[in-house]
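What follows is a set of notes on a single structure, which appears directly below.
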Amino acid sequence: EGLLIYYLVLGAALLLIYGKSRRAQLLLLPAVLLLGVRLSGEFGPERVRMDVLDTGQSQCVVITGPGGTRTVVDGGGGFGRTFDMGRSIVGPWLTYGHLPRVDNIFMTHGDRDHAGGLAFLLEKFAVGRFYSNGDIPSGRIGERFKAAFEDNGLTPQALVSGEKVVLEPGLIMEVLHPSSDFEGSRNDRSLYLRLLWNGHPLLSISGDLDRKGIRTVLRRSQDLSSRVLVLPHHGSA
């Protein structure tokens, strides 16, 4: 996509530079038009895209809506305290062919393997909205979070079960856990999120729920159906 944009701009520039030559116009114009058709086709289909980034033993999921909105669920972490997952992996991936902007960030909970890479995004990206279960990371990562919130005038919003966040028309993020009165460990208080597109459940993300959290989710009489499930603890034992 980024390469197509480059050649489209290059073709338009050459057309302007050599526009006096009728032959150059005839040669370059079809190429520019073909690139334009190819480019517009990329944005045509109404589809929701999910990318699970390779962040090692941690989690980062990116959801791109049909209207172009981009939502990040968790930002990865780990690889030691000197490795910035956001700067090295998540940020570069998000900016490949895109401006450094994220419409929504959901942090399932504040552990480093889910929250560590988000600090860089909050510092360097234009972020529309930030959601969590009310947790804020501890230590240096937490300090970076708080400074970024203050610098950007961004108010984090705590979510509880039953709430729904509209990412764009027809694309809804449901919160199925935790309830406002739930008591449990930091892992068990992870957000359990379900993504729906025009009412169809596409994706469920379960944070780092442990046994108590999983049993609580299962006991409630609620629809848990989904085409894709991101396992608790990002699939670890």
When you measure from the side chain of [X] to the backbone N and O of [Y], does any donor-acceptor pair fall under 3.5 Å?
{"X": "D210", "Y": "N187", "answer": "no"}
{"X": "D74", "Y": "A115", "answer": "no"}
{"X": "S226", "Y": "L229", "answer": "no"}
{"X": "T71", "Y": "L167", "answer": "no"}
{"X": "D51", "Y": "L53", "answer": "no"}
{"X": "N152", "Y": "L122", "answer": "yes"}
{"X": "R112", "Y": "G77", "answer": "no"}
{"X": "D111", "Y": "H114", "answer": "no"}
{"X": "H177", "Y": "I214", "answer": "no"}
{"X": "D188", "Y": "G213", "answer": "yes"}

Just wondering, do [Y] and [X] contact through their side chains at under 4.5 Å, heavy atoms?
{"X": "F106", "Y": "M173", "answer": "yes"}
{"X": "L202", "Y": "V228", "answer": "no"}
{"X": "H109", "Y": "S132", "answer": "no"}
{"X": "F182", "Y": "T216", "answer": "yes"}
{"X": "E163", "Y": "V160", "answer": "yes"}
{"X": "V72", "Y": "C60", "answer": "yes"}
{"X": "T69", "Y": "T64", "answer": "no"}
{"X": "R194", "Y": "L196", "answer": "yes"}

At what distance, to the nearest 0.5 angstrom, does [atom1] of [X] lie from [atom2] of [Y]?
{"X": "I205", "Y": "L195", "atom1": "CD1", "atom2": "CG", "value": "7.5 Å"}
{"X": "H234", "Y": "T55", "atom1": "NE2", "atom2": "OG1", "value": "7.5 Å"}
{"X": "L154", "Y": "E150", "atom1": "CG", "atom2": "CD", "value": "12.0 Å"}

Flag yes if [X] and [Y] sit in one hydrophobic cluster, no otherwise; membership is Ile, Leu, Val, Met, Phe, Trp, Tyr, and two members link when side-chain heavy atoms are under 4.5 Å apart.
{"X": "I63", "Y": "I89", "answer": "no"}
{"X": "V165", "Y": "M50", "answer": "yes"}
{"X": "I105", "Y": "W93", "answer": "yes"}
{"X": "V62", "Y": "V90", "answer": "yes"}
{"X": "V102", "Y": "F120", "answer": "yes"}

Which pair of heavy atoms, one from [X] and one from [Y], lies closest together, and at what distance?
{"X": "S88", "Y": "F83", "answer": "CB-CZ, 3.5 Å"}
{"X": "P92", "Y": "G86", "answer": "CD-O, 3.7 Å"}
{"X": "M85", "Y": "G76", "answer": "CG-C, 4.0 Å"}
{"X": "P178", "Y": "L191", "answer": "CD-CD2, 3.9 Å"}
{"X": "H98", "Y": "L94", "answer": "CB-O, 3.4 Å"}
{"X": "L209", "Y": "P232", "answer": "O-CB, 3.4 Å"}

Problem - CA sep, side-chain torsions, deciding dist, call: R101, R70, side chain to side chain contact (heavy atoms under 4.5 Å, CB included) - result: CA-CA 8 Å; R101 174 175 175 81; R70 307 188 86 197; over 6 Å; no

Problem - Within 6.0 angstrom of D54 CG, more than 12 heavy atoms from elsewhere - result: no

Problem - Residues, nucleotides or ligands: over 12 heavy atoms within 6.0 Å of L218 CG - result: yes

Problem - CA sep, side-chain torsions, deciding dist, call: H233, L231, side chain to side chain contact (heavy atoms under 4.5 Å, CB included) - result: CA-CA 6 Å; H233 287 281; L231 291 170; over 6 Å; no

Completion exercise
The residue among D208, D135, N133 that forms side chain to side chain donor-acceptor pair (under 3.5 Å) with R186 is D135

Practice task
State whether E143 and R140 are salt-bridged, where the test is any N-O pair (Lys NZ or Arg NE/NH1/NH2 against Asp/Glu carboxylate O) under 4.0 Å.
Solution key: yes

Handout entry: Between S179 and R220, a side-chain donor and acceptor under 3.5 Å
Key = yes

Exercise for the section: Take L193 and L176, measure what side chain to side chain contact (heavy atoms under 4.5 Å, CB included) needs, and give me the verdict at the end. Expected result: CA-CA 6 Å; L193 304 169; L176 302 183; over 6 Å; no

Exercise for the section: Decide yes or no on side chain to side chain contact (heavy atoms under 4.5 Å, CB included) for L118 and I141, but give the supporting numbers first. Expected result: CA-CA 9 Å; L118 295 178; I141 296 293; over 6 Å; no

Exercise for the section: Please list, chain by chain and in numerical order, all residues satisfying side chain to side chain donor-acceptor pair (under 3.5 Å) with R129, sequence neighbours excluded. Expected result: N104, Y131

